[in-house]
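Data first, discussion second: the structure below is written as structure tokens.
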Amino acid sequence: MNEYEVAIIGGGPAGLTAGLYASRYGLNAVLIERGMYGGQIVNAGHVENYPGFPQGISGIDLGQMFYEQSLRFGLQTITADVTSFTKVDKLFNISTDDIKISARAVIIASGSNYRKLDVPGENKLTGAGVSYCATCDGFLFRNKDVAVIGGGDTAISDAMELSQHCNKVYVIHRRHELRATQALQRIAFSIPKIEFIWDSVVLSIEGEDKVTGLNIKNIQTGDVSSLAVAGVFIAIGFIPNSGLFKSIVDINEAGNIVTDDLMRTSTPGLFAAGDIRRNSARQVATAVGDGATAGKSVFAYIKES
Ligand SMILES: Cc1cc2nc3c(=O)[nH]c(=O)nc-3n(C[C@H](O)[C@H](O)[C@H](O)COP(=O)(O)OP(=O)(O)OC[C@H]3O[C@@H](n4cnc5c(N)ncnc54)[C@H](O)[C@@H]3O)c2cc1C
């Protein structure tokens with residue numbers, strides 16, 4: 001079994017930044033990624049809100065640049081799916097199908113996935129009018145009609161944000177009342193551009209190369225109708241990749257790992273960074289900031305322990 005000072009699980013913006021910092025501090029660090037280095041951002045066509053790129057940059061190029069820079073100071077990488085994670089005395093043990101490693105400290109940067117609607121058209125039109133992030137893509141729908149699916153805080157915040165750019169924002173919710181906090185509801189109900197479509201579910205997302213509309217069904221009356229929109233923002237929740245860590249660290253109801261400002265979890269030597277942690281803004285800029293903080297904190301921990 002190989003032993004490292006620090007292991008990082010996840011090679012998205014948070015993990016790669018944590019790896020850059022940890023290895024630049026001279027720590028013997030390894031990062032394990034099961035998919036593409038760069039994480040979720042490689043799926044973004046054009047990223048316009050990550051500072052340093054005034055004209056924006058493609059998600060795949062940004063992910064690749066994060067990866068290349070992370071290797072400069074000796075970070076080792078392993079491409080594999082972490083399938084088991086345990087703590088024995090002061091050491092963390094990490095297994096994949098083929099290898100086992102141990103580490104004195106671990107940074108969890110495993111991100112989360114957007115919950116999908118699972119309707120026809122969703123996969124085909126993702127990036128062509130289907131989005132899961134109003135902050136990322138809302139600006140692309142200036143003066144257009146869009147729909148937000150969901151009724152929680154994220155959906156209502158998204159609708160409010162989209163109302164700044166868009167002509168009309170429909171909020172489609174399967175119940176007759178929202179789950180969002182009262183304060184958010186009050187503001188949303190007062191914005192004339194936001195229209196609520198209650199008791200309704202999306203049956204399909206229409207369009208060949210880009211979204212042209214939705215088929216929706218009123219679950220009280222059974223009526224099916226179509227709604228012309230250029231964009232649909234799906235805001236029905238996230239699935240954090242935290243299942244492996246549940247028995248070792250504090251996790252909130254939504255499945256996100258609880259940390260303090262220094263990215264320390266409830267378990268000494270275990271840190272979390274990026275979208276996986278509670279209250280993350282789920283942006284590249286914030287994931288990178290978390291990764292830098294985690295890298296600094298892990299250095300302090302190794303020095304002191
Ligand atoms: C289509 C799209 C467009 C976006 N556009 C923007 C934008 O314009 N601007 C912006 O700021 N943000 C955008 N985002 C959000 C941004 O991508 C995320 O906030 C950011 O990538 C989070 O970084 P992270 O490192 O915390 O997690 P992630 O990027 O999710 O990386 C986590 C990594 O961990 C790996 N992993 C998980 N579990 C394991 C395991 N068991 N073993 C090994 N590896 C594991 C995953 O494969 C993944 O690569 C967009 C997201 C998407 C999907």
Side-chain angles (χ1 to χ4, degrees), residues 7-20 30-53 56-64 66-67 70 77-85 94-99 101 106-116 122-123 125-140 154 161 231 233-235 238-246 255-257 259 263 271-295:
I8 299 154
I9 301 173
L16 292 171
T17 307
L20 171 70
V30 65
L31 180 148
I32 308 159
E33 166 59 50
R34 66 179 169 198
M36 270 188 82
Y37 293 91
Q40 280 187 66
I41 198 61
V42 303
N43 299 310
H46 201 61
V47 181
E48 293 188 324
N49 57 1
Y50 185 68
F53 299 93
I57 180 167
S58 81
I60 197 129
D61 287 350
L62 185 60
Q64 180 65 23
F66 284 149
Y67 175 58
S70 75
T77 57
I78 297 171
T79 304
D81 187 15
V82 173
T83 49
S84 145
F85 183 73
I94 297 171
S95 305
T96 73
D97 280 351
D98 301 320
I99 54 163
I101 65 170
V106 170
I107 299 171
I108 303 168
S110 50
S112 59
N113 297 325
Y114 295 107
R115 201 178 287 282
K116 294 196 157 197
E122 181 177 16
N123 288 340
L125 294 166
T126 293
V130 174
S131 173
Y132 300 85
C133 177
T135 306
C136 312
D137 298 330
F139 197 66
L140 306 173
T154 306
E161 189 168 342
F233 289 82
I234 298 167
F238 302 88
I239 308 171
N241 296 318
S242 59
L244 283 175
F245 315 107
K246 272 189 178 137
N256 290 102
I257 297 176
T259 68
M263 307 300 138
F271 302 79
D275 284 13
I276 189 66
R277 79 181 191 93
R278 184 183 61 174
N279 292 340
S280 165
R282 297 193 186 92
Q283 294 290 288
V284 178
T286 53
V288 160
D290 283 1
T293 305

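Just follow the structure's listing: the first ligand is 1, and inside any ligand the first atom is 1. Residue indices begin at 1 and follow the sequence shown.
In this structure, F245 has its ring center closer than 6.0 angstrom to the ring center of F85.
For the pair C133 and ligand 1, no heavy-atom separation below 4.0 Å is found. A heavy-atom separation below 4.0 Å is found between Y114 and ligand 1. Under a 4.0 Å heavy-atom criterion, A281 is not in contact with ligand 1.
Looking at atom 34 (O) of ligand 1, its nearest protein heavy atom turns out to be G10 CA, 3.2 Å. Regarding atom 16 (C) of ligand 1, its nearest protein heavy-atom neighbour is V284 CG2, 3.9 Å. Protein heavy atom nearest atom 6 (C) of ligand 1, with residue, atom name and distance: C136 SG, 3.0 Å. Looking at atom 31 (O) of ligand 1, its nearest protein heavy atom turns out to be G12 CA, 3.5 Å. Distance from atom 18 (C) of ligand 1 to its nearest protein heavy atom, with residue and atom name: D275 OD2, 3.4 Å. Distance from atom 35 (C) of ligand 1 to its nearest protein heavy atom, with residue and atom name: E33 OE1, 3.2 Å. Protein heavy atom closest to atom 9 (N) of ligand 1, with residue, atom name and distance, is N49 OD1, 2.8 Å. Atom 36 (N) of ligand 1 has R34 NE, 3.8 Å as its closest protein atom, hydrogens excluded (heavy atom only).
Close contacts between ligand 1 and D81 involve ligand atoms 40 (C), 41 (N), 42 (N) [criterion: under 4.0 Å to a heavy atom]. The R282 neighbourhood of ligand 1 comprises atoms 15 (C), 19 (O), with distances under 4.0 Å to a heavy atom of that residue. For ligand 1, the atoms lying closer than 4.0 Å to a non-hydrogen atom of G274 are 26 (O). Applying the 4.0 Å criterion to heavy atoms of S110 picks out, from ligand 1, the atoms 32 (C), 34 (O), 37 (C), 38 (N). Less than 4.0 angstrom separates some heavy atom of A109 from each of these atoms of ligand 1: 32 (C), 33 (C), 34 (O). Within ligand 1, the atoms closer than 4.0 Å to a non-hydrogen atom of V82 are 40 (C), 41 (N), 42 (N), 43 (C), numbered from 1 in the order shown.
For the atom pair OG1 of T286 and CG of D275, the computed distance is 6.5 Å after rounding to the nearest 0.5 Å. With values rounded to the nearest 0.5 angstrom, R277 atom CZ is found 13.5 Å from S110 atom OG.
Here A80 has backbone heavy atoms under 4.0 Å from ligand 1, and that is the only part of it that gets that close. Contact annotation: for A287 versus ligand 1, heavy atoms closer than 4.0 Å belong to the side chain alone.
Here the closest heavy-atom approach between residue A292 and residue T17 is recorded as N-CG2, 3.7 Å. Residues I41 and P13 approach most closely at CG2-CG, 4.3 Å, considering heavy atoms. Pairing each heavy atom of E33 with each of G12, the nearest pair is OE1-N, 4.2 Å. Smallest separation of non-hydrogen atoms from L244 and T83: CD2-O, 3.3 Å. Among all heavy-atom pairs drawn from N49 and Q283, the shortest one is ND2-OE1, 3.0 Å. Smallest separation of non-hydrogen atoms from I257 and A272: CG2-CB, 3.7 Å.
In summary, the side chains of T79 and Y37 do present a donor paired with an acceptor at a separation below 3.5 Å, with no hydrogens or angles considered. No donor-acceptor contact under 3.5 angstrom links the side chains of T293 and D290, judged on distance only. Side chain to side chain, D137 and S131 meet the donor-acceptor criterion of an N or O pair below 3.5 Å.
Ligand 1 has a nitrogen or oxygen under 3.5 angstrom from a nitrogen or oxygen of Q40.
Here atom 25 (O) of ligand 1 lies nearest to A14 when heavy atoms of G39, A44, A14 are compared. Nearest-heavy-atom check against atom 27 (O) of ligand 1 across G15, G111, G38 picks out G111.
Between N241 and R34, the closest side-chain pair of non-hydrogen atoms falls below 4.5 Å.
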